[in-house]
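Treat the numbers as computed from the prediction; the structure is a model and nothing was measured. We count ligands from 1, going down the list as the structure has it; atoms in each ligand are counted the same way. Worth knowing before you read on, the calculation uses all heavy atoms, side chains too, and leaves out hydrogens, waters and symmetry mates.
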Amino acid sequence: MRTTQVAIVGAGPSGLLLSQLLSREGIDSVVLERESREHVQGRIRAGLLEWTTVELLREAGVGGRMMQEGLIHEGFDVAFANGRHRIDLKALTGKSMLVYGQNELQKDLAETRSGEPGAVLWQVRDVALHDCDSRAPRVSYTHEGTRQELRCDFLAGCDGYHGVSRTVIPRERLAQYERVYPFGWLGLLADVPPLHAELVYARHERGFALCSMRSPGRSRYYVQCPLEDTVGEWPDGRFWDELRLRVPEWYAARLVTGPSLEKSIVPLRSLVTEPMQFGRLFLVGDAAHIVPPTGAKGLNLAAADVRVLSRALIEFYRNRSATLLEEYSTRALSRVWKATRFSWWFTRLLHRFSTDPFAQRMQSAELEYLAGSEAASRSLAENYVGLSFD
Ligand code: FAD
Ligand code: DHB
């Protein structure tokens, strides 16, 4: 039977980053991942990092390529009624964002962790957590055809929304708050130059659209779509036509189209699990909470949880003090709820929810208020770049 200090379930950004930060402090961990390394690195997901996330990645020693290839963004556009309002993040908050694909981050993290043989086990099956509320938790799993067991001091559930960690917490010890939105996002990745140098969030009667990017030659676009739609119903031509209709004419004229490299539909959901701890099991990132992607908080919240938990574990092993570990859930949830509120608000501001004329007028009035008020723009900017930790 193998022993480690921290057993980590899931090698998404949360699991690998936690393992890397602990390793730099001499704390041993083992990451158990269900999928192959290639599969995890190929998933096209988030693409926008808050500066606190950037700093955490640099602290972890994995920021080299990110700082060279990432694109610094000092603002973004909110487009509506065929016009545009720029949110000047730098002027309003002093902070910027970094465009860097989650899959690139996964590559950097996996490459760094591969320097420690056995620190990450890929393609692990049937992970089961045992005795989480005791002083001697265990994980059992199947790897390379053999059933194995790992003993640890602590468990980190970094296994995302569909993971196993959240499910081991007894129902009566867990509260879940959920909102399911009546639409999804259809995303398309293509090797075409972005239609604008900054991101464009567009509200239109036909539905929301987002123009994002991964590099000067690679664009990532999204359109709001019905939940029942399938990717097969959206050939590239239909996607480009719809996007062109939803952005102001000024942008539409600049849209360069090309064959898609990837297309996928994500449903939109808000979910918060309370508490984020059960005995010696700590839930991290999407395992504990989901936000709709509007405003790009998912990955950044996951990194924020890792920041809080890694500091608490380091404090425990350095000074044998469990105070920060006991505060983990409260500290993490304080940020989670604020980001959940922001993602919900930004989703509501920009999407087509109903044909109710009153609701539509309220949305237009709120957008006009935003465009005319520095206070409202600053509030949006402050939340977008990420609230401070103190
Ligand atoms: P994950 O990245 O989900 O990682 C969890 C890992 O655990 C996975 O590798 C999974 O294979 C593994 N795992 C699961 N179950 C088990 C098990 N039983 N045993 C072992 N391993 C297991 N956020 C944004 O900010 N902007 C976006 O545009 C955006 N787009 C997204 C698109 C999609 C399709 C999805 C799913 C998410 C998107 N997100 C986006 C959210 C963002 O990607 C997540 O918030 C982020 O990945 C969270 O990281 P995580 O490490 O907590 O979880
Ligand atoms: C991206 C996704 C988002 O949800 C967002 O708000 C900004 C950018 C992206 O995938 O690039």
Side-chain angles (χ1 to χ4, degrees), residues 7-19 31-37 39-50 53 71 73 76 97-103 105-106 109-110 120-129 139-143 156-168 184-189 194 198-201 208 210-215 218-222 262-269 271 283-306 336 339 342-343 346-347 350 384 386:
I8 300 173
V9 187
S14 315
L16 291 183
L17 179 57
L18 178 63
S19 152
V31 182
L32 306 171
E33 167 60 47
R34 188 175 52 194
E35 307 292 347
S36 69
R37 181 171 165 182
H39 177 93
V40 169
Q41 290 178 180
R43 291 189 299 222
I44 304 299
R45 291 186 172 177
L48 198 59
L49 306 181
E50 293 173 7
T53 306
L71 307 174
H73 278 213
F76 66 88
M97 302 289 282
L98 192 76
V99 169
Y100 192 66
Q102 180 170 331
N103 60 321
L105 191 59
Q106 290 271 187
L109 284 163
V120 186
L121 304 183
W122 303 96
Q123 292 182 296
V124 162
R125 300 278 162 218
D126 304 322
V127 169
L129 313 187
V139 198
S140 57
Y141 56 95
T142 303
H143 188 234
C158 300
D159 48 353
Y161 178 64
H162 298 289
V164 69
S165 303
R166 192 174 64 247
T167 66
V168 306
W185 275 21
L186 168 65
L188 179 147
L189 187 73
E198 296 184 336
L199 269 61
V200 180
Y201 291 82
F208 169 75
L210 169 61
C211 310
S212 183
M213 66 192 72
R214 291 292 177 270
S215 69
R218 180 166 287 189
S219 298
R220 179 69 168 161
Y221 292 114
Y222 299 93
E262 191 262 2
K263 249 186 302 189
S264 51
I265 294 179
V266 265
L268 269 64
R269 174 190 305 274
L271 170 77
L283 298 181
V284 181
D286 278 18
H289 41 74
I290 297 286
V291 288
T294 334
K297 288 286 155 243
L299 174 57
N300 291 295
L301 266 188
D305 290 352
V306 170
V336 165
F342 170 68
S343 307
F346 206 31
T347 300
L350 296 170
Y384 192 88

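Residue contact check: Gly160 has heavy atoms under 4.0 Å from atoms 3 (O), 5 (C), 53 (O) of ligand 1. Below 4.0 Å from some heavy atom of Tyr222 lie the following atoms of ligand 1, by number and element: 28 (O). Atoms of ligand 1 found under 4.0 Å from any heavy atom of Gly163, numbered from 1 in the order shown, are 15 (N). Interface atoms of ligand 1 facing Gly285, defined by a heavy-atom separation under 4.0 Å, are 52 (O). Atoms of ligand 1 found under 4.0 Å from any heavy atom of Leu32, numbered from 1 in the order shown, are 20 (C), 21 (N). Each of the following atoms of ligand 1 lies closer than 4.0 Å to a heavy atom of Ser14: 49 (O), 50 (P), 51 (O), 52 (O). Shown in contact with Ala46 at under 4.0 Å from a heavy atom are these atoms of ligand 1, numbered in order with element: 23 (N), 24 (C), 25 (O), 26 (N), 27 (C), 28 (O), 29 (C), 30 (N), 40 (C). Remark: ligand 1 atoms within the under-4.0 Å shell around heavy atoms of Gln102 are 2 (O), 42 (C), 43 (O), 46 (C), 47 (O).
When non-hydrogen atoms are compared, ligand 1 lies under 4.0 Å from the backbone of Lys297 (N, CA, C, O) but not from its side chain. When heavy-atom distances to ligand 1 are checked against a 4.0 Å cut-off, Val266 comes that close only through its side chain, counted from C-beta outward. Under 4.0 angstrom from ligand 1, there are no non-hydrogen atoms of Trp185. The side chain of Val127, and not its backbone, has at least one atom closer than 4.0 Å to an atom of ligand 1 (non-hydrogen atoms only; side chain from C-beta on). Neither the backbone nor the side chain of Ala287 comes within contact range of ligand 1; no heavy atom lies under 4.0 Å. With a heavy-atom cut-off of 4.0 Å, Asn300 does not touch ligand 1 at all.
Between Ser264 atom OG and Ile44 atom CD1 the span is 8.0 Å, to the nearest 0.5 Å. A distance of 9.0 Å separates CG in Leu49 from CD in Gln102, rounded to the nearest 0.5 Å. Separating the OG1 atom in Thr167 from the CG atom in Leu129 is a distance of 7.5 Å, to the nearest 0.5 Å. Between the NE2 atom of His289 and the CG atom of Asp305 there is a distance of 3.5 Å, given to the nearest 0.5 Å. Rounded to the nearest 0.5 angstrom, Leu48 CG and Tyr100 OH are separated by 14.5 Å.
What sits closest to atom 4 (O) of ligand 1 on the protein, heavy atoms only, is Gly12 CA, 3.4 Å. Of all protein heavy atoms, the one closest to atom 14 (C) of ligand 1 is Asp159 O, 3.1 Å. Nearest protein neighbour of atom 37 (C) of ligand 1, counting heavy atoms only, is Arg45 CD, 3.8 Å. Of all protein heavy atoms, the one lying nearest to atom 41 (C) of ligand 1 is Asp286 OD2, 4.2 Å.
Partner of Phe208 under the ring-ring contact (aromatic ring centres under 6.0 Å, His included) criterion, out of Trp185, Tyr222, Tyr221: Trp185 alone.
Counting all heavy atoms, side chain and backbone alike, Pro13 lies closest to Gln106 at CD-OE1, 2.9 Å. Here the shortest heavy-atom pairing between Val99 and Met213 reads CG1-O, 3.2 Å. The two residues His143 and Val124 have their closest heavy-atom pair at CD2-CG2, 3.7 Å. Among all heavy-atom pairs drawn from Ala339 and Val291, the shortest one is O-CG1, 4.3 Å. Closest approach of Asn300 to Glu50, counting heavy atoms only: OD1-N, 2.8 Å. Considering all non-hydrogen atoms of both residues, Gly157 and Ala287 come closest at O-CB, 3.4 Å.
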Subject >> Candidate pair Arg125 and Arg34, rule side-chain contact (heavy atoms from CB on, under 4.5 Å), full reasoning >> reply: CA-CA 6 Å; Arg125 300 278 162 218; Arg34 188 175 52 194; 3.7 Å; yes
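Backbone and side-chain nitrogen or oxygen atoms of Tyr161 are examined, and none is located within less than 3.5 angstrom of a nitrogen or oxygen of ligand 1. Polar contact check, His162 against ligand 1: no nitrogen or oxygen pair lies under 3.5 Å apart.
For the ligand labelled ligand 1, residue Cys158 lies inside the 4.0 Å heavy-atom shell. The closest approach between a heavy atom of Leu299 and any atom of ligand 1 is below 4.0 Å.
Within 4.0 Å of ligand 2, heavy atoms belong to protein residues Arg45, Gly47, Leu48, Trp185, Leu199, Tyr201, Leu210, Ser212, Arg214, Arg220, Tyr222, Pro293, Gly295, Ala296.
With hydrogens and angles ignored, the 3.5 Å screen pairs no side-chain donor or acceptor of Asp159 with any backbone N or O of Gly10. Distance alone, capped at 3.5 Å, is enough to place a donor-acceptor pair between the Thr347 side chain and the Ser343 backbone.
Of the candidates Glu35, Arg220, Arg43, Arg37, Arg43 brings a heavy atom nearest to atom 8 (C) of ligand 1. Of all the listed residues (Arg34, Glu33, Arg125), Glu33 holds the heavy atom that lies closest to atom 12 (C) of ligand 1.
Looking at residues two or more places apart in sequence or on another chain, you find no ring-ring contact (aromatic ring centres under 6.0 Å, His included) involving Tyr141.
In this structure, atom 1 (P) of ligand 1 is in close contact with the protein, since a protein heavy atom lies within 4.0 Å of it.
In this structure, Glu262 pairs ionically with Arg220, as a charged nitrogen and a carboxylate oxygen lie closer than 4.0 Å.
The aromatic rings of Tyr384 and Phe346 stand perpendicular to each other, their planes meeting at an angle above 60°, with 30° marking the opposite boundary.
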